[in-house]
Amino acid sequence: MISLAYIGFVSLGLPDAVIGVAWPTVRETFSLPQAALGLLFVASGLGYFLSSFFSGQLAQALGIGTLLTGTTALVAVAMLGFAAAPLWLLFIACAFFHGLGSGGIDAGLNGYAAHHLSARHMNWLHACYCVGAMLGPLLMTAVLTSGRPYSAGYAIVGALLLALSLMFLLTRQEWGQASALPNDAAPRATTAQALSHPTVILQIALFFVYTGLEIAISQWAFTVLTESRGVRPGPAGIAVGAYWASIGVGRVIFGLAADWIGIDTLLRCCLLAAVAGAILFVLPLHIEGAFAGLTLAGLGLAPVFPCLMTRTPQRLGAALSTHAIGFQVGAAMIGAAVIPAVLGLVADQSRLEAVPLGIVVVAAVLWLLHEGLVRRPDFSPS
């Protein structure tokens, strides 16, 4: 069961960071401004939010195996659509279906893992996401540097995801033996009660800012390095891959250390490291300096999402956390759309080097929000 969850997170990560490497070529193909990237994030974020909000009901109605089969196939079709789309509007439509499929996978697996697995497994599951997110940019970089169009890279990703969908189809009965939601007899909370809880609101804000920061670094680093700092596409693509690799490696390491150090202490230290990495990236250094900054930022961000998910039932209790996890996933995807899009608008209005400065500001806000969260008391049954 757990091994299949790992495969699910690989399928989540594989297509997510590809656009960061493909974007300069896509933008040239459709004659677009930098800010147009924000439309893709908005479309994908909307799809993600819709599917994550209803993921609990879908998992109960269809079963986890069928849900994973359908949503992975939907993402695969979206990738093939990116490869074939002759119009920008069709490209945006594919982004919506990409988000719709990914949101169902993400919320269902996170909800199951948060209630049934330890911080160690939660970190390792998200490390598998980073394996996919690392391979995606490297694959697209290899395609582009070999002289082939971005459509070839998207077609390869789509074919891989179709194979994963088939794997989920063949193992759907095994998934059907477990629920994605906790089997808890405690009283259920309403959506309104969850949304009125101060800790729920604070965690929604944290996931919004965190994922926006994580994706903004991934999606804009390649463009900043190649179009503003004159770095060749090959090394720039490797730097983006190293960023995702550092998140993945960090999640493996911190998964071992989280229970020993304590989740809150670990996150406080790591978020400071993320701020330091963002500052290093903004400095006008050679590619080695940018590489070091991206790697440090990735290590600092590594445990944030999985550890915050693990702490959600501890902070809120089972009744509220069932709602909160879906809200957090939805807020995360909206943040992934909004924050990179805002940075794109800033780049259009000023210059590309404003993007790294914005990343530093967002990293500092994330640290401040977490400092506020750790000062709130955990759930205590009455």
Side-chain angles (χ1 to χ4, degrees), residues 110-111 113-115 117-120 122-123 126 182 186 189-214 216-217 247 250-251 253-279 296-336 338-339 358-382:
N110 272 300
H115 289 95
L117 301 178
S118 66
R120 175 181 300 181
M122 182 67 93
N123 272 278
H126 284 266
T190 65
T191 301
Q193 287 173 327
L195 287 173
S196 65
H197 196 286
T199 301
V200 172
I201 295 171
L202 186 54
Q203 294 205 163
I204 288 173
L206 263 164
F207 276 88
F208 176 92
V209 175
Y210 165 77
T211 311
L213 175 62
E214 179 190 84
I217 294 173
I247 295 180
R251 284 173 176 170
I253 296 171
F254 296 135
L256 293 169
D259 293 328
W260 174 59
I261 297 174
I263 289 177
D264 291 349
T265 301
L266 175 65
L267 291 186
R268 296 176 93 169
C269 295
C270 285
L271 286 172
L272 287 175
V275 173
I279 292 172
L296 181 59
L299 285 171
L301 293 175
V304 178
F305 196 107
C307 283
L308 286 176
M309 279 291 182
T310 300
R311 288 282 280 124
T312 297
Q314 299 165 12
R315 286 194 166 105
L316 297 170
L320 286 175
S321 64
T322 300
H323 293 282
I325 288 169
F327 299 155
Q328 288 165 185
V329 171
M333 292 308 103
I334 294 174
V338 171
I339 291 178
I359 286 171
V360 172
V361 172
V362 176
V365 170
L366 179 64
W367 177 79
L368 289 171
L369 286 171
H370 184 258
E371 287 298 302
L373 180 64
V374 296
R375 286 168 170 75
R376 295 196 60 81
D378 281 0
F379 172 78
S380 177
S382 55

Can you sort out the partners of Arg120 under side chain to side chain donor-acceptor pair (under 3.5 Å), two or more places apart, ordered by chain and number?
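Testing Arg120 for side chain to side chain donor-acceptor pair (under 3.5 Å), a comparison that skips the adjacent residues, returns none.
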
Please enumerate all residues that pass side chain to side chain donor-acceptor pair (under 3.5 Å) together with Thr312, with sequence neighbours excluded.
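Side chain to side chain donor-acceptor pair (under 3.5 Å) check on Thr312 returns Gln203, Gln328.
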
Output yes when a side-chain donor or acceptor of Arg251 lies under 3.5 Å from a complementary backbone atom of Asn123, and no otherwise.
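Checking the backbone N and O of Asn123 against the side chain of Arg251, no donor-acceptor pair under 3.5 Å is found.
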
Main-chain N/O of Gln193 paired to Ser196 side chain as donor or acceptor, under 3.5 Å:
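Flag set: sc Ser196 to bb Gln193 pair under 3.5 Å.
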
From CZ (Phe254) to CD1 (Ile247), nearest 0.5 Å:
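Between atom CZ of Phe254 and atom CD1 of Ile247 there are 11.5 Å.
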
To the nearest 0.5 Å, tell me how far Glu214 CD sits from Leu301 CG.
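Answer rounded to 0.5 Å: 6.5 Å.
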
Using distance alone, with no hydrogens and no angle criterion, decide if Thr199 and Arg315 have a side-chain donor and acceptor under 3.5 Å apart.
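Short answer, no.
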
Are Val304 and His370 close enough, and set up right, to give a side-chain contact (heavy atoms from CB on, under 4.5 Å), and what steps lead you there?
CA-CA 10 Å; Val304 178; His370 184 258; over 6 Å; no

Is the shortest side-chain heavy-atom distance between Met309 and Val329 below 4.5 Å?
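SC-SC contact between Met309 and Val329 confirmed.
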
Give the minimum heavy-atom separation between [X] and [Y], together with the two atoms involved.
X: Thr211; Y: Ala336; answer: CG2-CB, 3.8 Å
X: Ala363; Y: Val275; answer: O-CG2, 3.6 Å
X: Ala278; Y: Ala297; answer: N-CB, 4.3 Å
X: Leu266; Y: Cys307; answer: CD2-SG, 4.4 Å
X: Phe208; Y: Ile339; answer: O-CD1, 3.9 Å

The single option from Leu267, Thr265, Ile261 passing side chain to side chain contact (heavy atoms under 4.5 Å, CB included) against Ile263:
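Exactly one option meets the side chain to side chain contact (heavy atoms under 4.5 Å, CB included) with Ile263, and it is Leu267.
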
For Leu369, what residues pass the side-chain contact (heavy atoms from CB on, under 4.5 Å) criterion, not counting sequence neighbours?
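Once residues adjacent in sequence are excluded, the partners of Leu369 under the side-chain contact (heavy atoms from CB on, under 4.5 Å) criterion are Leu202, Ala205, Leu206, Val209, Val365.
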
Parallel, tilted or perpendicular, judged at 30° and 60°: which one describes the rings of Phe207 and Phe305?
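Perpendicular, since the angle between the ring planes exceeds 60°.
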
Quick one: ring pair (Phe, Tyr, Trp, His ring centres under 6.0 Å) partners of Tyr210, sequence neighbours excluded?
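For Tyr210, no residue satisfies ring pair (Phe, Tyr, Trp, His ring centres under 6.0 Å) once neighbours in sequence are set aside.
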
Salt bridge (Lys or Arg N to Asp or Glu O under 4.0 Å) against Arg268, all qualifying residues, sequence neighbours excluded
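For Arg268 the salt bridge (Lys or Arg N to Asp or Glu O under 4.0 Å) partners, ignoring immediate neighbours, are Glu371.
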
For residues 298-314, pull every pair meeting salt bridge (Lys or Arg N to Asp or Glu O under 4.0 Å), keeping only residues two or more places apart or in separate chains.
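As it turns out, the salt bridge (Lys or Arg N to Asp or Glu O under 4.0 Å) pairs with a partner in residues 298-314, which skip direct neighbours, are Asp264-Arg311, Arg311-Asp378.
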
